[in-house]
Colleague: 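I am attaching a structure below and will ask some questions about it afterwards.
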Amino acid sequence: MNTYEEIYAIVRRIPLGRVTNYGTVAALAGYPRHARMAGYALHALSDQEASEVPWWRVVNAGGFISNAYQPQLQRELLETEGVVFDSEGRIDRKRFWWDGA
DNA sequence: CAACTGACTGCCG
DNA sequence: CCGGCAGCCAGTT
């Protein structure tokens, strides 16, 4: 199994309505401190794969959407699942964060 | 083959 | 609170 698939496998485990950050995804996939790679893997998703992997449930450590792909779409998808953003566009970690449980 | 770049992060001043 | 900086690693130039 290659590195990307390891990453995707973890992202697929994120429960609906929950989010996590790149570092956590990488760590759960077996690559601690490789947050950047997790981000790179998601960036490399093809449209086909994007429909199978909930990439929008992954945000940065601060709880913000920082990707440059389609931040508007990502926020929309999350809100559809019930995730709430505050006035600064940040997600409440206490309510929506997922740590691999 | 060296240098750059990027959906990241934590530490430091 | 905020910008700078060094690790990380794969894909591009």
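Just so we're clear, the structure is a prediction, and the values are computed from it rather than from any experiment. Lettering follows sequence order; numbering is per chain, from 1. The figures here come from the full heavy-atom set of this structure, side chains too, leaving out hydrogens, waters and symmetry mates.
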Colleague: Does anything in residues 24-40 of chain A come within less than 4.0 Å of DNA chain C? Heavy atoms only, and list the residues if so.
Modeller: A:R33, A:H34, A:R36, A:Y40
Colleague: Would you call A:E81 and A:R57 a salt bridge, using N to O less than 4.0 angstrom?
Modeller: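 Looking at A:R57 together with A:E81, the answer is yes, because their closest N to O distance falls below 4.0 Å.
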Colleague: For A:I10 and A:Y31, run side chain to side chain contact (heavy atoms under 4.5 Å, CB included): C-alpha distance rounded to whole Å, both residues' side-chain angles, the deciding distance at 0.1 Å, then the answer.
Modeller: CA-CA 12 Å; A:I10 297 301; A:Y31 301 91; over 6 Å; no
Colleague: Using modelled atom types and a 3.5 Å cut-off, is there a donor and acceptor pairing between side-chain atoms of A:T20 and backbone atoms of A:W98?
Modeller: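 Present.
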Colleague: Within the pair A:T3 and C:dA10, is there a side-chain N or O less than 4.0 Å away from OP1 or OP2?
Modeller: no
Colleague: Would you say the side-chain atoms of A:E6 and A:T3 include a donor-acceptor pair closer than 3.5 Å?
Modeller: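 Their side chains do not contain a donor-acceptor pair, so the 3.5 Å distance test is not met.
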Colleague: Of all the base pairs, Watson-Crick or G-U under 3.5 Å, which form stems of three or more consecutive pairs involving DNA chain B?
Modeller: B:2-6 with C:9-13, B:8-13 with C:2-7
Colleague: Separation of A:L45 atom CG from B:dG6 atom C1', in whole Å?
Modeller: 15 Å
Colleague: Considering all heavy atoms of both residues, which atom of A:N21 and which atom of A:V58 are nearest to each other, and what is their separation?
Modeller: C-CG1, 4.0 Å
Colleague: Hydrophobic cluster membership, with links at side-chain heavy-atom distances under 4.5 Å among I/L/V/M/F/W/Y: are A:F64 and A:I14 in one?
Modeller: no
Colleague: Would you kindly check if the NZ (Lys) or CZ (Arg) of A:R75 is within the cone defined by 45 degrees around the ring axis of A:F85 and under 6.0 Å from the six-membered ring centre?
Modeller: yes
Colleague: Grab the CG-C1' distance between A:N2 and C:dG11 for me, whole Å please.
Modeller: 14 Å
Colleague: Send over the distance from A:H43 NE2 to C:dT12 P, rounded to a whole Å.
Modeller: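 Spelled out: NE2 on A:H43 to P on C:dT12 is 10 Å.
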Colleague: Could you tell me how far apart A:E6 (CD) and C:dA10 (C1') are, to the nearest whole angstrom?
Modeller: 16 Å
Colleague: Determine the Euclidean distance between corresponding P atoms of C:dA6 and B:dA3; express it in Å to zero decimal places.
Modeller: 16 Å
Colleague: Would you please test A:L45 and A:V53 for side chain to side chain contact (heavy atoms under 4.5 Å, CB included) and show each step?
Modeller: CA-CA 9 Å; A:L45 278 172; A:V53 181; 4.2 Å; yes
Colleague: Please tell me if the side chains of A:Y40 and A:R36 come closer than 4.5 Å, counting only heavy atoms from C-beta onward.
Modeller: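 Not touching, per the 4.5 Å side-chain cut-off.
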Colleague: Output the rounded distance in Å from CZ (A:F64) to P (C:dC1).
Modeller: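 That distance rounds to 10 Å.
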Colleague: Considering only atom P, compute the distance from B:dC4 to C:dC5 and round it to an integer number of Å.
Modeller: 16 Å
Colleague: Report the distance from atom CG of A:N21 to atom C1' of B:dG10, rounded to the nearest whole Å.
Modeller: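 After rounding, the gap between these two atoms is 12 Å.
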Colleague: Write down the distance between OH (A:Y4) and C1' (B:dG6), rounded to a whole number of angstrom.
Modeller: 11 Å
